[in-house]
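Count residues from 1 along the sequence. Bear in mind the structure is a predicted one, so any value in this text is a computation, not a measurement.
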Amino acid sequence: MILTGGLKSLLPHVLRRVIRCNRLSISNTSGMAEGYKQANIVILHKSLADDFEKFCHANDGPLPLLYRSKPGDWKCPSLSSDSDIRTDCLQYRIYEHGACTGLLKSLKEYSEELKDMVTFYLGCSFSFEKAVQNSGIPIRNVEQKCNVSMYKTAVPCSSVSTFCCNLVVTMRPIPESKLEAAVIATSALKEAHGAPIHMGDPGLLGIQDLSKPDYGDPVRLHPGDIPVFWACGVTGVEAVINCRAPLAFTHSPGCMFITDLKNDNVTVRSSRDVPQVHCISQDPLRYSVVSAEAAQKIKTLETLIGIDPGERGIIHLRRQDELLKACLSLSHARSVLVTTGFPTHFTHEPPEENDGPPGALAIAAMLQALEKEVAIVTDQRAMNLNKKIIEEAVQLGILKRPVPLLSYQRESADSALMFLCENGNPERPRFDHLIAIERAGMAADGNYYNARKVNIKHLVDPIDDLFLAAQTIPGVATTGVGDGGNELGMGKVKDAVKKHIKNGDVIACDVEADFTVVAGVSNWGGYAIACALYILSTCEIHDRYLRKAVGFPRLSKKMVWLSALPSVTKEEKLLKTLVQHGVRSGKTASLEMEVDELPFYNTHSLMIEKLL
């Protein structure tokens with residue numbers, strides 16, 4: 001027997017020869033022939049080959065196709081010079097009608113059957129291990145001398161004919177400080193599955209217990225490690241099982257075919273290709289990925305909306321990258337609840353100001369275009385007004401369809417939980433992101449104040465309860481958008497509000513949001529969120545991460561998203577509609593466009609023309 005010590009430095013053709021002679025005392029090929037590509041193997045009857053190739057192309061994250069043989073061809077000249085697929089894997093599995101019926105060291109006894117079968121060589125994550133190590137990142141399974149952990153997920157692949165299955169992933173523990181380096185090291189290695197498809201809580205993939213992998217061995221996390229998941233070629237094994245072919249063969253997971261091809265030294269060429277990693281949730285732990293180019297565009301948006309036309313001192317409230325993180329979180333969301341409404345004109349009917357509703361509808365329009373569920377919750381007394389505004393927004397083409405309109409009342413201690421979750425069960429939330437934009441926020445004394453310190457509590461329903469309850473529900477994030485510090489969600493910056501904003505010691509909102517977007521006018525914050533969601537959706541790096549590298553890129557829907565962006569024409573029409581319904585300027589209480597809205601037009605043009 002040959003021991004494992006020197007195998008990492010053996011050339012592939014030598015290692016294949018040793019494997020062929022059945023002289024190895026190892027159970028997997030991780031760390032072997034460092035720097036060379038390894039391959040997953042699927043062998044199917046020729047009648048299934050075309051459909052399986054289409055399945056690979058439809059799911060090229062887990063199934064990057066390196067080579068497809070002709071029927072009965074046991075060699076792969078473009079991958080290796082002297083190989084024989086019947087003997088050159090450490091171990092094989094035989095499947096009959098979807099059931100694994102045996103483990104084999106050689107397929108030679110099936111040579112006659114193999115004459116009518118096609119071999120697929122699929123990229124493997126073992127191929128990128130050397131690049132990861134060269135970036136100063138430990139490979140824990142190599143350190144622990146075991147196979148990598150592989151798990152079935154709840155993520156469905158794109159189906160083709162009889163080939164359908166859920167994604168299989170590998171997990172590698174990565175120190176938190178090295179996450180971005182790991183993404184950068186692997187993102188360009190497309191034939192080795194590319195960048196990770198998830199970082200953080202395994203439950204978000206449907207994985208219940210990391211100590212019980214479906215394939216391979218459990219790998220221990222060190223303190224400070226984050227579980228990082230890559231798409232895995234064993235997805236092909238699951239597809240073979242589900243297609244129930246009369247006869248099929250695969251490699252045994254971890255026992256790869258080693259090619260003569262070196263991994264390419266890929267250099268990232270532009271900011272469009274450079275990934276960044278951002279933590280967007282602690283409970284459950286979740287990170288997201290975006291290109292440096294897209295992130296910079298969103299940071300520029302954040303600067304543009306930070307103009308302070310009222311000179312109120314909002315620069316002191318701003319927190320770096322809040323817009324980016326809020327929108328990354330929204331991009332992952334399935335269902336979003338939006339609230340707005342600041343009844344600052346307590347002596348008028350209606351008492352609402354015109355800052356807030358246009359921004360809320362801009363967000364809703366983009367969420368609709370992105371095929372997310374969206375609803376609006378508002379004060380009971382303002383339901384009819386908001387219903388009319390939504391109906392006219394549909395007629396004006398701002399919304400694709402009406403947005404469900406809800407109201408909330410505190411009837412018992414668990415009213416907020418019952419509103420947010422099915423039967424009040426925190427494990428079944430109806431919404432996974434709440435947004436408040438220019439929504440009156442509760443101060444420390446339990447009252448609600450306009451900027452002039454007037455208590456307007458009698459006009460405000462306790463929608464703050466929903467944001468407070470969301471803090472207790474894992475997986476539900478919150479964003480607050482404001483321009484003065486007395487808006488719902490601004491509790492995150494209340495100390496700065498009390499110090500720098502006029503009357504801040506009284507009016508400061510005490511209720512925090514996870515993300516706080518501060519703008520010169522709150523509507524600008526809504527427009528920026530809509531634009532940032534568009535930027536993220538058109539970012540290839542982020543799109544791949546969202547769809548877990550299965551299916552095809554969603555960029556074919558770009559024109560739909562583009563049509564949902566806020567525009568000067570749309571917002572002029574909506575502001576006129578608000579005037580017709582008696583909604584007034586926040587500063588002057590006149591039935592005219594708010595003075596603070598005027599700089600928006602130049603700002604908005606820059607958003608669209610320079611960034612989108």
Under the rule for ring-ring contact (aromatic ring centres under 6.0 Å, His included), what residues qualify as partners of [X], not counting sequence neighbours?
X      : value
Tyr408 : Phe419
His198 : Phe229
His222 : none

Residue pair [X] / [Y], side-chain donor-acceptor N/O under 3.5 Å:
X      : Y      : answer
Glu352 : His581 : no
His542 : Ser291 : no
Asn523 : Glu438 : no
Ser288 : His332 : yes
Thr478 : Asp514 : yes
Thr300 : Thr303 : no
Glu176 : Tyr287 : yes

* Counterpart residues, side-chain contact (heavy atoms from CB on, under 4.5 Å), relative to Asp201 (two or more places apart) -> Leu204, Pro284
* Working for side chain to side chain donor-acceptor pair (under 3.5 Å), residues Asn503 and Tyr449 -> CA-CA 10 Å; Asn503 301 322; Tyr449 297 95; over 6 Å; no
Residue pair [X] / [Y]: nearest heavy atoms and the distance that separates them:
X      : Y      : result
Ala440 : Pro343 : CB-CD, 4.4 Å
Arg318 : Gly306 : NH1-CA, 4.0 Å
Leu323 : Ala528 : CD2-CB, 4.1 Å
Gln368 : Pro402 : NE2-O, 4.0 Å
Thr235 : Cys157 : CG2-SG, 3.7 Å

* To do: State, with a plain yes or no, whether a side-chain heavy atom of Leu396 is found less than 4.5 Å away from one of Lys573.
  => yes
* **Note, Val517 side chain near Ile437 side chain (heavy atom, < 4.5 Å)** => no
* To do: Apply the test side-chain contact (heavy atoms from CB on, under 4.5 Å) to residues Phe431 and Leu466: give CA-CA distance (whole Å), side-chain angles for both, the deciding distance (0.1 Å), then the verdict.
  => CA-CA 11 Å; Phe431 310 98; Leu466 304 180; over 6 Å; no
* For Asp543 and Arg547, run salt bridge (charged side-chain N to carboxylate O under 4.0 Å, His left out): C-alpha distance rounded to whole Å, both residues' side-chain angles, the deciding distance at 0.1 Å, then the answer. => CA-CA 6 Å; Asp543 170 72; Arg547 57 185 172 85; 2.9 Å; yes
* Between Ile174 and Leu179, is a side-chain contact (heavy atoms from CB on, under 4.5 Å) present by the stated rule, with each step listed? -> CA-CA 6 Å; Ile174 303 292; Leu179 289 180; 4.0 Å; yes
* Verdict with reasoning, Ile541 to Val290, per side-chain contact (heavy atoms from CB on, under 4.5 Å) -> CA-CA 6 Å; Ile541 287 174; Val290 63; 5.9 Å; no
* Are the side chain of Lys400 and the backbone of Ala564 linked by a donor-acceptor contact shorter than 3.5 Å? -> no
* CA sep, side-chain torsions, deciding dist, call: Met383, Gln380, side-chain contact (heavy atoms from CB on, under 4.5 Å) -> CA-CA 5 Å; Met383 288 288 283; Gln380 180 63 45; 4.0 Å; yes
* To do: Kindly determine whether Gln409 and Asp461 satisfy side chain to side chain donor-acceptor pair (under 3.5 Å), including the steps that lead there.
  => CA-CA 7 Å; Gln409 299 295 321; Asp461 289 346; 2.9 Å; yes
* **Ion pair Lys557/Glu371, N-O distance below 4.0 Å** =>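 Salt bridge between Lys557 and Glu371, a charged N being under 4.0 Å from a carboxylate O: yes.
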* In terms of side-chain geometry, is the basic nitrogen of Lys498 or Asp505 positioned less than 4.0 Å from the acidic oxygen of its partner? ->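 Between Asp505 and Lys498 there is no salt bridge, as every charged N stays at least 4.0 Å from the carboxylate O atoms.
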* Taking salt bridge (Lys or Arg N to Asp or Glu O under 4.0 Å) as the test, write out the residues that go with Lys457, two or more places apart. => none
* To do: Nearest 0.5 Å please: distance from the CG atom of Leu536 over to the CG atom of Leu546.
  => 8.0 Å
* Asked: According to the ring pair (Phe, Tyr, Trp, His ring centres under 6.0 Å) rule, which pairs have a member within residues 296-322, sequence neighbours left out?
  -> His316-His500
